[in-house]
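If you're wondering where the values come from, they're calculated on a predicted model, not measured in any experiment. Counting starts at 1 for both ligands and their atoms, following the listed order. Below, all heavy atoms of this structure are taken into account, side chains as well, without hydrogens, waters or symmetry copies.
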Amino acid sequence: MRHASTLDLSSFENPKVQDQLDRARKQIAARTPLLAQSLSQIQSSLTLFAYATGVALYAPKLIVIIVLGWIPAALCGMHFNTVSYIEEKNKLPQRRYLDYLRNLVASSAPAKEIKGYRLADYFIEQYASLSNALHKQETHFVLRRTLVTSLLSCLGAIAQLCAYLYLIVAVMGGGLSIGGFAFLVMSLLRITNLMQSSTTGLTQLASQALYLDDLYDFLSEKSRMTEALSPRPFPQRMQSGVEFRNVSFEYTGAHTHAINDISFTLRPGEVIAFVGENGAGKSTIVKLLSRMYDATSGSILIDGADISDYSTDDIRSNIVTTHQDFIRYQLRAIDNVRFGDILDGANEERIHRSIDYASAAALIAKLKGGLRQIVGHLFEGGVGLSGGEWQKLAIARSYMGRAQIYIFDEPTASLDAKSEQATFSRIKELARGASAVIISHRFSTVRMADRIYVMDGGKIIQAGTHEQLMATPGSYSDLFTLQAAGYR
Ligand SMILES: Nc1ncnc2c1ncn2[C@@H]1O[C@H](COP(=O)(O)OP(=O)(O)OP(=O)(O)O)[C@@H](O)[C@H]1O
Ligand SMILES: [Mg+2]
């Protein structure tokens, strides 16, 4: 978890890293007896060595016969372990897909829609056919492994038989006393037992070690974003604010720019808004501004210094974002709020202020357990909330910190008109000290911004106040008129 938390957002969006993470997560739980196994392996090797030395002093040929008989089985064990490891590794994307299908059909969040569209049978069939195919491959492999291993174990048994015959002949020829015979037979028995268990143990150890590679693979995955070695202290109060200067950004693996040559400014105390069609690049700007990604070209300046000169921690505590896809913490209501400032989250006064700012006081009053009420259906005693109620908690969360910039990506999509009005009058109030960025498709929300940027295809195509934009023919006035017409 600690290592995963150091990775950047683009790593989490990479399926290969997801595979690695999954392998590391699964392996680490199953591999804990590694140390105990290594130690017991050392112990049995020492015993084996002592017995073998004893036997070798009496009859060196015996040892040669036994070892020769054992080598093929041991090599074959190693071989099948490696093959099984590689096959499992190749199957991982399919296994993750199976997990995903299982979650779709058998967990609470998707249940509504899966039932609504009657998709359960479809996904169950998909699951069954893929898991049957995997199962078939596995059965095939296990059969092959059993067959070959059994044949090779026969070799070992034949070698043992030869050794006993050799001893019997020696006794009959008078070259070995009965006492010596008893000692050697006992020792041989021990040796073959120990060798068998060592083979199993060693092959298991070797495969454990292979699986451990997965963990190290994952641990070697590093964040691609650099952290300033001696970060510039974040301004207590920003003077010139934020400036995007010719910023472009391309997602890894994408062929086009999500945003292309964007320039804008956000001064302290200002509220600016971005509008534009789906996929225009609004959320991408937000993610760049809170340094979830680094711009592909151009620069993002905070009080004149490049954003990468500041520590990520400072950026995150000064620029707070309520994301379009915020988290619904299935914990207590108070947790959903105090997580906005985990270092000072016990401050009741601030919790109540934030709740008030987010128009969530009535919601908290309605909860049977008040702030301590568990919300969400996941755990015992939890109560369900509506979409807008979850959103109010998320907005309250963002008000907890002492940020200088508040970003709201579609903050009021689920809020009722009254709450929306109240929330935005708060933003204006807040912005007197801090600044805010609002992204919304509702023009009634957007029009109160000091400056509005209209985006299209990753570019800013218009900028100005509501009045200025309405006075110019173009995208904004067209869209505003379209929305307004809907209300008439
Ligand atoms: N994580 C991602 N990886 C790759 N491409 C992405 C990712 N997120 C967004 N994109 C692409 O970048 C473009 C801009 O997306 P963005 O999320 O910024 O749009 P948006 O303006 O916020 O849209 P919406 O109004 O639907 O929220 C889209 O074309 C999208 O396909
Ligand atoms: Mg968006």
Side-chain angles (χ1 to χ4, degrees), residues 4 7-21 96 100 221 223-225 242 244 246-264 266 271-298 300 307 319-328 387-388 390-391 394-395 398 405-415 420 423 427 436-447 449 451-463 469 474-476 478-480 482-483:
L7 297 182
D8 49 41
L9 189 59
S10 54
S11 297
F12 280 103
E13 290 170 348
N14 180 344
K16 284 220 169 60
V17 178
Q18 284 299 325
D19 273 353
Q20 261 181 3
L21 205 150
R96 273 206 311 126
Y100 174 69
E221 179 69 27
S223 166
R224 278 168 204 72
M225 297 202 338
V242 175
F244 267 52
N246 307 106
V247 174
S248 297
F249 180 73
E250 204 177 302
Y251 284 100
T252 326
H255 303 295
T256 51
H257 282 102
I259 62 167
N260 195 351
D261 199 21
I262 294 275
S263 300
F264 69 89
L266 172 63
V271 177
I272 63 170
F274 287 94
V275 292
E277 289 174 3
N278 295 132
K282 306 178 297 292
S283 297
T284 306
I285 291 186
V286 165
K287 288 186 268 182
L288 287 169
L289 183 52
S290 46
R291 203 166 178 231
M292 295 290 167
Y293 307 116
D294 276 333
T296 315
S297 66
I300 300 169
I307 191 167
I319 303 178
V320 168
T321 312
T322 308
H323 290 282
Q324 227 169 347
D325 46 356
F326 59 87
I327 301 187
R328 300 172 175 207
W390 279 113
Q391 196 154 22
I395 295 175
S398 75
I405 301 177
Y406 291 87
I407 306 175
F408 300 92
D409 194 349
E410 301 264 2
T412 49
S414 321
L415 292 196
E420 182 188 343
T423 304
I427 289 185
V437 179
I438 298 172
I439 294 169
S440 179
H441 291 291
R442 286 198 206 174
F443 282 74
S444 53
T445 303
V446 167
R447 65 181 295 173
R451 206 162 42 257
I452 300 160
Y453 294 96
V454 185
M455 295 195 62
D456 186 33
K459 284 181 172 293
I460 291 178
I461 51 167
Q462 276 185 301
L469 289 171
S475 219
Y476 185 86
D478 291 351
L479 285 171
F480 187 90
L482 186 75
Q483 265 194 19

inquiry  = Looking only at the side chains, is there a donor atom on one of T284 and Y293 sitting less than 3.5 Å from an acceptor on the other?
reply    = no
ask   = Looking only at heavy atoms, is any part of Q324 under 4.0 Å from ligand 1, and if so is it the side chain, the backbone, or both, or is it neither?
value = side chain
note = Nearest non-hydrogen contact to atom 26 (O) of ligand 1 from the set D409, L9, N278 belongs to N278
request  = Measure E13 to ligand 1 on non-hydrogen atoms and call it side chain, backbone, both or neither using the 4.0 Å cut-off.
outcome  = side chain
request  = Ignoring angles and geometry beyond distance, decide whether G276 reaches within less than 3.5 Å of ligand 1 through its nitrogen or oxygen atoms.
outcome  = no
ask   = If we ignore angles and hydrogens, is there a donor and acceptor under 3.5 Å between the side chains of D8 and S11?
value = yes
query = Side chain of T321, backbone of H323: donor and acceptor closer than 3.5 Å?
reply = no
note = Counting from 1 in the order shown, the ligand 1 atoms closer than 4.0 Å to a non-hydrogen atom of A258 are 12 (O), 13 (C)
request  = Give a yes or no on whether the backbone of L21 and the side-chain of E221 come within a donor-acceptor separation of less than 3.5 Å.
outcome  = no
query = Could you state the interatomic distance from CD1 (I262) to NE2 (H257), rounded to the nearest 0.5 Å?
reply = 11.5 Å
message = Please work out, at 4.0 Å between heavy atoms, whether the side chain, the backbone, both, or neither of A254 comes within that distance of ligand 1.
response = neither
inquiry  = Once you measure the plane-to-plane angle for F264 and Y453, does it fall in the parallel (<30°), tilted (30-60°) or perpendicular (>60°) bin?
reply    = tilted
ask   = What residue and atom, counting heavy atoms only, is the protein's closest point to atom 17 (O) of ligand 1, and at what distance?
value = S283 CB, 3.6 Å
key: Is_contact(atom 30 (C) of ligand 1), protein non-hydrogen, under 4.0 Å   = no
ask   = Within S283, is some N, O or S atom less than 2.8 Å away from the Mg ion (ligand 2)?
value = yes
inquiry  = Between N260 (side chain only) and G458 (backbone N and O only), is there a donor and an acceptor less than 3.5 Å apart?
reply    = no
Any H441 heavy atom less than 4.0 Å to ligand 1 = yes
message = If I apply the N/O under 3.5 Å rule, does T284 come out as touching ligand 1?
response = yes
message = Main chain of G276, side chain of K282: is a donor-acceptor contact present, judged purely on distance under 3.5 Å?
response = yes
ask   = What residue and heavy atom of the protein are closest to atom 10 (N) of ligand 1, and at what distance?
value = Y251 CE1, 3.3 Å
ask   = Is the backbone of N246 close enough, under 3.5 Å, to the side chain of S263 for a donor and an acceptor to pair up by distance?
value = yes
request  = Among all protein heavy atoms, pick the one closest to atom 25 (O) of ligand 1 and tell me residue, atom and distance.
outcome  = K282 NZ, 2.8 Å
request  = Examine all N, O or S atoms of Q324, backbone included, and report whether one is under 2.8 Å from the Mg ion (ligand 2).
outcome  = yes
Protein contact to atom 28 (C) of ligand 1 [nearest heavy atom, distance to 0.1 Å] = G279 O, 3.8 Å
ask   = Between Q462 and L469, is there a donor-acceptor pair closer than 3.5 Å when you use the side chain of the first and the backbone of the second?
value = no
